[in-house]
Amino acid sequence: MELIVGIVVLIVAHTYLEKRGLPPKMEQMKLRYFLVIAIIGISTVIILSGLFASLHQLVGIVTILFATSIAYKYRKKFEKMERGEEV
């Protein structure tokens with residue numbers, strides 16, 4: 001069941017980002033700060049999951065959401081570099 005939920009979250013997150021993109025504040029944020037926030041967010045959910053057994057599936061969902069967002073930011077930066085724009 002967790003695998004199915006993870007796949008659905010991945011498809012929904014990817015589709016959302018492709019159609020609407022990241023929110024403007026996240027779009028303007030530097031990649032290194034975005035990565036630090038992702039690490040802190042995932043670590044927080046892991047700690048909470050250890051304290052509360054019912055949050056076990058939330059770790060996977062949060063990780064998928066952050067990973068999808070990070071991949072989107074990297075892809076956008078790479079597309080800018082391919083076009084010859086300054087990154």
Side-chain angles (χ1 to χ4, degrees):
M1 184 66 181
E2 290 180 17
L3 180 64
I4 294 171
V5 171
I7 292 171
V8 169
V9 168
L10 177 66
I11 292 170
V12 168
H14 184 72
T15 305
Y16 177 83
L17 285 175
E18 287 301 319
K19 289 190 178 200
R20 297 195 180 161
L22 287 171
K25 190 166 186 167
M26 290 178 132
E27 190 74 43
Q28 295 170 354
M29 188 182 300
K30 290 193 178 282
L31 187 58
R32 75 186 101 180
Y33 299 128
F34 195 74
L35 292 173
V36 169
I37 289 172
I39 290 170
I40 291 170
I42 293 170
S43 300
T44 303
V45 173
I46 289 172
I47 292 169
L48 289 176
S49 174
L51 297 174
F52 305 105
S54 61
L55 296 177
H56 177 66
Q57 194 170 6
L58 190 61
V59 175
I61 292 172
V62 169
T63 304
I64 290 171
L65 291 175
F66 276 123
T68 306
S69 301
I70 290 168
Y72 178 80
K73 275 189 88 66
Y74 269 115
R75 194 173 62 246
K76 289 299 177 188
K77 274 194 170 287
F78 185 71
E79 286 174 0
K80 284 181 183 177
M81 286 190 321
E82 278 186 328
R83 284 183 264 155
E85 295 178 21
E86 190 173 322
V87 180

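In this text the structure is predicted, and so the values were computed from the model without any measurement.
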Enquirer: If you measure from NZ on K80 to NZ on K77, what distance do you get to the nearest 0.5 Å?
Expert: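 The distance works out to 6.5 Å.
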
Enquirer: Rounded to the nearest 0.5 Å, how far apart are CD1 of I70 and CG of L22?
Expert: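 One finds 10.5 Å between CD1 of I70 and CG of L22.
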
Enquirer: Please report the closest heavy-atom contact between G41 and F66, naming both atoms and the distance.
Expert: CA-CE1, 4.1 Å

Enquirer: Roughly how far, to the nearest 0.5 Å, is the CG atom of L17 from the CE atom of M26?
Expert: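 CG of L17 is found 9.5 Å from CE of M26.
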
Enquirer: Find out if a path of hydrophobic residues (ILVMFWY) with successive side-chain heavy-atom gaps under 4.5 Å connects L35 to M29.
Expert: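 Yes, because L35 and M29 connect within a single hydrophobic cluster, where side-chain heavy atoms sit under 4.5 Å apart.
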
Enquirer: Look at the side-chain heavy atoms of Ile, Leu, Val, Met, Phe, Trp and Tyr, link any pair under 4.5 Å apart, and say whether Y33 and L31 land in one connected group.
Expert: yes

Enquirer: To the nearest 0.5 Å, how far apart are CD in E2 and NE2 in H56?
Expert: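 Between atom CD of E2 and atom NE2 of H56 there are 4.0 Å.
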
Enquirer: Between Y72 and H14, does the side chain to side chain contact (heavy atoms under 4.5 Å, CB included) criterion hold? Intermediate values first, please.
Expert: CA-CA 8 Å; Y72 178 80; H14 184 72; over 6 Å; no

Enquirer: Quick check: is I61 connected to I4 through a chain of hydrophobic side chains (ILVMFWY, heavy atoms under 4.5 Å apart)?
Expert: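 They do not share one cluster, since no chain of ILVMFWY contacts under 4.5 Å joins I4 to I61.
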
Enquirer: Distance check, rounded to the nearest 0.5 Å: T44 atom OG1 versus L58 atom CG?
Expert: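 Atom-to-atom, T44:OG1 and L58:CG are 11.0 Å apart.
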
Enquirer: Flag yes if I42 and F52 sit in one hydrophobic cluster, no otherwise; membership is Ile, Leu, Val, Met, Phe, Trp, Tyr, and two members link when side-chain heavy atoms are under 4.5 Å apart.
Expert: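 Yes, one cluster joins them.
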
Enquirer: What pairs with I64 under side-chain contact (heavy atoms from CB on, under 4.5 Å), at least two apart in sequence or on another chain?
Expert: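 Scan of I64 (side-chain contact (heavy atoms from CB on, under 4.5 Å), adjacent residues dropped) gives V9, L10, T68.
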
Enquirer: Using a cut-off of 6.0 Å, state whether more than 12 heavy atoms not belonging to R83 lie near its atom CZ.
Expert: yes

Enquirer: Out of curiosity, does V45 fall in the hydrophobic cluster containing L48 (side-chain heavy atoms, cut-off under 4.5 Å, transitive links)?
Expert: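 Linked, L48 and V45 end up in one cluster.
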
Enquirer: To the nearest 0.5 Å, what is the distance between CZ on R32 and NZ on K30?
Expert: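 Going from the CZ atom of R32 to the NZ atom of K30 covers 5.5 Å.
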
